[in-house]
J.: 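I'd like to ask some things about the structure below.
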Number of protein chains: 2
Amino acid sequence: MIKILVVDDEPQIARALRINLSAHGYEVTTAPDGARALRAAAAIVPDLVVLDLGLPDMDGTEVIAGLRGWTGVPILVLSGRAASAEKIAALDAGADDYVTKPFDIGELLARVRAATRRGGTGTESPVTEIGSATVDLAAREVQRGGEEIRLTKTEWQLLEVLLRNPGKLVSQRELLHRVWGPNYGSETNYLRQYMAQLRRKLEPDPTRPVYLLTEPGMGYRFRP
Amino acid sequence: MIKILVVDDEPQIARALRINLSAHGYEVTTAPDGARALRAAAAIVPDLVVLDLGLPDMDGTEVIAGLRGWTGVPILVLSGRAASAEKIAALDAGADDYVTKPFDIGELLARVRAATRRGGTGTESPVTEIGSATVDLAAREVQRGGEEIRLTKTEWQLLEVLLRNPGKLVSQRELLHRVWGPNYGSETNYLRQYMAQLRRKLEPDPTRPVYLLTEPGMGYRFRP
DNA sequence: GTCACCTTTGACGGTTTCTTGATGGTCGAT
DNA sequence: ATCGACCATCAAGAAACCGTCAAAGGTGAC
């Protein structure tokens, strides 16, 4: 069953969406604000997120960014604002579609079908092999020989950036930007510290990295 | 470069789209009707199709079906009709997005980015051939016969300037400026040192360069 | 409040890379 | 043929960078 996370602070709309989507065979979870939406997304790993931008606790683009930090799940944005700038901001933050309220429920369902159709046929396999370990970015889980390996939040973020660019060199500046934020760019000691931790947890021989490679003076690279 | 196929029978709109998309770095091909659109799509294999529904020869959904028969390329539909039934029909036929005219060009570009982000992120980046070696500037990777060739930071910077100006002579002064910074301009011994290293790593016969050529007294040139 | 865990800093040895100087060879001009 | 300018190559010291260890702040759970 296709799982959809509906994020909306207005109970009526959330209820209407739940009824309509459930009637069409989707498994619906709802969240009333950004913080709970992010937790719910991590917990249930939905196939689609329907996100209302007018949330009480966070800006809509923050929620999108929070999701995009670790998942490529399709995001369909609902909003009362029709201004192009709003749409552009949401789409560039990582949203897949933008529908303005009031919306036709039939059209919304069609867009939901279009978005989930993609996700279903999505060619990306969710797990990555690193030697004898398997990394599941969507589920945020690493296993090796049946044993589970725990990674901290920062380790995940760093590993994800590298794994999403297989074979590609990722510069130190970009890694620092994507993990620690735009105000960081020269703190290469952070990278050294966390790359060492990742290697200890993932590499067969941490002293001789085979998958998480250093390119001196430039950055790091994940070789599949 | 990301390739976009624009299908529109109105020359003005097609032209406007071509100009805007080209200005943002896309490679644009246009087709004025459905039949030629399907042929063009098969010929160039675009990363995105922007499709106007009001074509003279075929119904829009037929064009979508014709594409979906063999490709999963993202399809962004443009249409003058805002009726929900039209949108639903197009989306269910296989379109990924539906924008009604008149549309804001900024929003359209954002939707183009969203669509290409999904499908276009296919990990393929442009490579340059240097003899039997392939150079991937985006991934910072050089391979020859399956073997990986490592380049240092400075070697990459120098090689990148030359490869981004294929066939063109790049003066010594410009090379020094772009690699070592504006305070350098006469240290030609640096260039000799690093050109020799690049040739040793890339040229089939480093003593007789064929791709990385010296223009005595002027500069260096990459011949594809 | 205490504890455990994670993040942020600081410091040091070893290795790679960059810089610099010197030598010999090639080409064109005189 | 000789000379000078320019380039390729070699070699060695200097600098930058990385991996590692250790420990000081933060933060949330209980």
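First the proteins, then the strands, lettered A, B, ... as listed; each starts at 1. On a predicted model such as this, the values are computed, not experimentally measured, just so you know. Both backbone and side-chain heavy atoms feed into the values below; hydrogens, waters and symmetry mates do not.
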J.: In whole Å, what is the span from the CG atom of B/L158 to the P atom of C/dC18?
T.: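 Nearest whole value for this atom pair: 11 Å.
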J.: Given 3.5 Å as the limit, does a donor-acceptor pair link the side chain of A/R144 with the main chain of A/G131, or not?
T.: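 No, A/R144 side chain to A/G131 backbone: no donor-acceptor pair under 3.5 Å.
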J.: Would you call B/D97 and B/R113 a salt bridge, using N to O less than 4.0 angstrom?
T.: no
J.: Polar-atom pairs under 3.5 Å, protein N or O versus N or O of nucleotides 7-13 of chain C: list them with distances, or write none.
T.:
from	atom 1	to	atom 2	distance (Å)
C/dT7	OP1	A/T154	N	3.2
C/dT7	OP1	A/T154	OG1	2.5
C/dT7	OP2	A/T152	OG1	2.8
C/dT7	OP2	A/Y194	OH	3.2
C/dT7	O5'	A/Y194	OH	3.0
C/dT8	OP2	A/W180	NE1	2.7
C/dT9	OP2	A/Y190	OH	2.0

J.: Given atom CD of B/E215 and atom C1' of D/dC7, what is their separation to the nearest angstrom?
T.: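 Going from B/E215 (CD) to D/dC7 (C1'), I get 13 Å.
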J.: Is there side-chain contact between A/L175 and A/L162, with heavy atoms separated by less than 4.5 Å?
T.: yes
J.: Rounded to whole Å, how long is the line connecting atom CG of B/L212 with atom C1' of D/dC7?
T.: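 In whole Å, D/dC7 C1' and B/L212 CG are 15 Å from each other.
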J.: Output the rounded distance in Å from CH2 (A/W156) to P (C/dC5).
T.: 19 Å
J.: Under a 4.0 Å N-O cut-off, is there an ion pair linking A/E215 with B/R150?
T.: yes
J.: Output yes when at least one side-chain N/O atom of B/T207 is less than 4.0 Å from OP1 or OP2 of D/dA8, else no.
T.: no
J.: Between atom CG in A/L198 and atom P in C/dC6, what is the gap in whole Å?
T.: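 Rounding to the nearest Å, CG of A/L198 and P of C/dC6 are 13 Å apart.
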J.: Is any side-chain N of the basic residue among A/K101 and A/D52 closer than 4.0 Å to the acidic one's carboxylate O?
T.: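 Answer for the salt bridge query: yes.
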J.: To the nearest Å, how far apart are B/L176 CG and C/dC18 P?
T.: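 Rounded to the whole Å, the gap is 15 Å.
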J.: Using the side chain to side chain contact (heavy atoms under 4.5 Å, CB included) definition, which of the options A/V127, A/L202, A/T128 pairs with A/V142?
T.: A/L202
J.: What's the CG-C1' distance between A/D205 and D/dG19, to the nearest Å?
T.: 13 Å
J.: Between A/R199 and D/dC18, does any side-chain N or O lie under 4.0 Å from OP1 or OP2?
T.: no
J.: Heavy atoms, side chains only, cut-off 4.5 Å: are A/N165 and A/Y220 in contact?
T.: no
J.: What does A/R150 touch in the nucleic acid at a heavy-atom separation under 4.0 angstrom: a base, only the sugar-phosphate, or nothing?
T.: sugar-phosphate
J.: Measure CZ/A/R173 against P/D/dC17 and give the value in whole Å, please.
T.: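 Nearest whole value for this atom pair: 13 Å.
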